[in-house]
Undergrad: 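Have a look at this one before I ask anything.
Throughout, a chain's letter reflects where its sequence line sits, starting with A, and its residues are numbered from 1.
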2 protein chains.
Amino acid sequence: MRDERFCASNCPFTRAIGTIGNKWKPIIINVIGVRTIRFGQLDSIIPHISRKVLTEQLKELEEDGLLERLAYKELPPRVEYKLSEKGLAFLPILDNIKEWNAKYEIVPIPEETDYK
Amino acid sequence: MRDERFCASNCPFTRAIGTIGNKWKPIIINVIGVRTIRFGQLDSIIPHISRKVLTEQLKELEEDGLLERLAYKELPPRVEYKLSEKGLAFLPILDNIKEWNAKYEIVPIPEETDYK
DNA sequence: ATTTGTAGTTACCCAATAGTAACCAGAATA
DNA sequence: TATTCTGGTTACTATTGGGTAACTACAAAT
C-alpha cells in the first residue's frame with residue numbers, strides 16, 4: 001500500500017507524495033475535517049470503501065502523524081478519530097484542490113439515466 | 001489505472017482526486033513545471049518510473065487537460081510536453097504541499113550506510 | 001438463550017498495476 | 001552495412017490491491 005521508493009526518497013516532495021498521494025487519503029482527510037468521528041461513521045459516509053482498506057489507510061495516516069486515534073476501553077468498542085495539527089494544516093490544500101477543480105474541470109457528459 | 005468510481009462520482013472533489021490523486025501525476029507535473037520537456041528527459045529525470053507507466057500517465061494527464069503534447073513529424077521522433085493553463089494552475093498547490101511537508105514532516109531516521 | 005452492536009482482523013481469491021525485454025520506423029552517422 | 005537515435009507499443013510475468021465473508025470480544029437488550 002505504501003511505496004517504499006517514495007517514502008525513502010531523499011526528495012522531500014517525493015516523500016510527501018508518498019504519504020498523501022493516493023486516492024483514499026485525501027478523501028478520508030476531507031471527510032474528517034475538523035470534527036471527531038468514529039470508525040463506523042467513516043465507513044458509512046465514504047462510498048465504496050471497504051472496512052479493510054479503511055483500516056489500513058487510517059493506520060497509515062496515524063503513523064504519518066496526520067491523525068489521532070482515541071480508543072475507549074468499552075464494549076462494544078468505541079474509537080474516535082480526529083486530525084492532528086499536521087492533518088488540519090492539510091485541509092486548506094484540499095480546499096485549493098476543490099477551487100482548482102471547480103475552475104478547470106471538464107465536466108463529464110452525464111450518463112443516460114432512467115428516472116421512473 | 002484510473003478508478004471509474006472516482007471519475008464518475010457526483011462529488012467534484014472525488015472526481016478531482018480521481019484525476020490527480022495518485023503518486024506519479026504530482027511528480028510528473030512538478031518535474032515539468034513551467035518548461036517544455038521531451039519524453040526522454042522526463043524518463044531520465046524521474047527516478048524509478050518505467051517508460052510504460054510514464055506513457056500511460058502522460059496520456060491520462062493529456063486527456064484530463066493538464067498537459068499539451070506536441071509531436072513533430074520527424075525521424076527520430078520528437079515529442080514535447082508542457083502544462084496547459086489548468087496544469088500550470090496546479091503548480092501552486094504542489095508548492096503548498098512542499099511547504100506543508102517541510103513544516104510537519106517527521107524526518108525518517110536515515111539508514112545506516114557504509115561510505116567507502 | 002439469542003440477538004445486536006462496534007471496530008476491527010484474518011484468510012482466500014481475483015483483478016488491476018507495474019516491471020522487463022523485445023520490437024518498430026526510418027533518417028543520419030560511422 | 002551496421003549502428004544510433006527517439007518515443008513509443010506489445011507481450012509476458014510478477015507483484016500488489018482490494019473485495020468478500022467469516023470471526024473476535026463482551027455487554028446490554030430482547
Undergrad: Check the distance between D/dG17's C1' and A/His48's NE2 and give it to me in whole angstrom.
TA: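 From A/His48 NE2 to D/dG17 C1': 17 Å.
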Undergrad: Do the side chains of A/His48 and B/Phe6 get nearer than 4.5 Å, heavy atoms only?
TA: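 No, side chains not in contact.
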Undergrad: Considering residues at least two apart in sequence or located in another chain, which fulfil the salt bridge (charged side-chain N to carboxylate O under 4.0 Å, His left out) criterion with A/Arg38?
TA: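 Once residues adjacent in sequence are excluded, A/Arg38 has no partner under the salt bridge (charged side-chain N to carboxylate O under 4.0 Å, His left out) criterion.
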Undergrad: Begin from the C-alpha positions of A/Leu66 and A/Lys25 and carry the test side chain to side chain contact (heavy atoms under 4.5 Å, CB included) through to its verdict.
TA: CA-CA 10 Å; A/Leu66 286 145; A/Lys25 285 176 186 164; 5.9 Å; no
Undergrad: I'd like to compare against my own output: the B/S/- annotation of nucleotides 6-14 of chain D with a strict under-4.0 Å heavy-atom distance to protein.
TA: BBBS-----
Undergrad: Expressed in angstrom and rounded to an integer, what is the separation of A/Asp43 atom CG from C/dT9 atom P?
TA: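 The distance from CG of A/Asp43 to P of C/dT9 comes to 13 Å, rounded to the nearest Å.
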Undergrad: Return the value, rounded to whole Å, for the distance between atom CG of A/Leu54 and atom P of D/dT20.
TA: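 So the two atoms are 14 Å apart, to the nearest Å.
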Undergrad: B/Asn22 has an atom CG; how far is it from atom P of D/dG18, in whole Å?
TA: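 Distance check: B/Asn22 CG to D/dG18 P gives 12 Å.
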Undergrad: Measure from CZ on B/Arg2 to P on C/dT17 and round the result to the nearest Å.
TA: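 These atoms are roughly 11 Å apart.
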Undergrad: Return yes when atom NZ of B/Lys23 has more than 12 non-hydrogen atoms of other residues, nucleotides or ligands closer than 6.0 Å, and no otherwise.
TA: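 Yes, enclosed.
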Undergrad: For A/Leu42 and C/dA7, give me the distance from atom CG to atom P, rounded to whole Å.
TA: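 It works out to 10 Å between those atoms.
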Undergrad: Phosphate oxygens OP1/OP2 of D/dG18: is one of them under 4.0 Å from a side-chain N or O of A/Ser50?
TA: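 Result: no.
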Undergrad: What's the CD-C1' distance between B/Glu4 and C/dT17, to the nearest Å?
TA: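 Value for this atom pair: 16 Å.
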Undergrad: For the residue pair A/Thr36 and A/Glu80, what are the closest heavy atoms and their distance?
TA: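 Reported closest heavy-atom pair: CG2-OE1, 3.5 Å.
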Undergrad: In whole Å, what is the span from the OH atom of A/Tyr72 to the P atom of C/dA7?
TA: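 After rounding, the reported distance stands at 11 Å.
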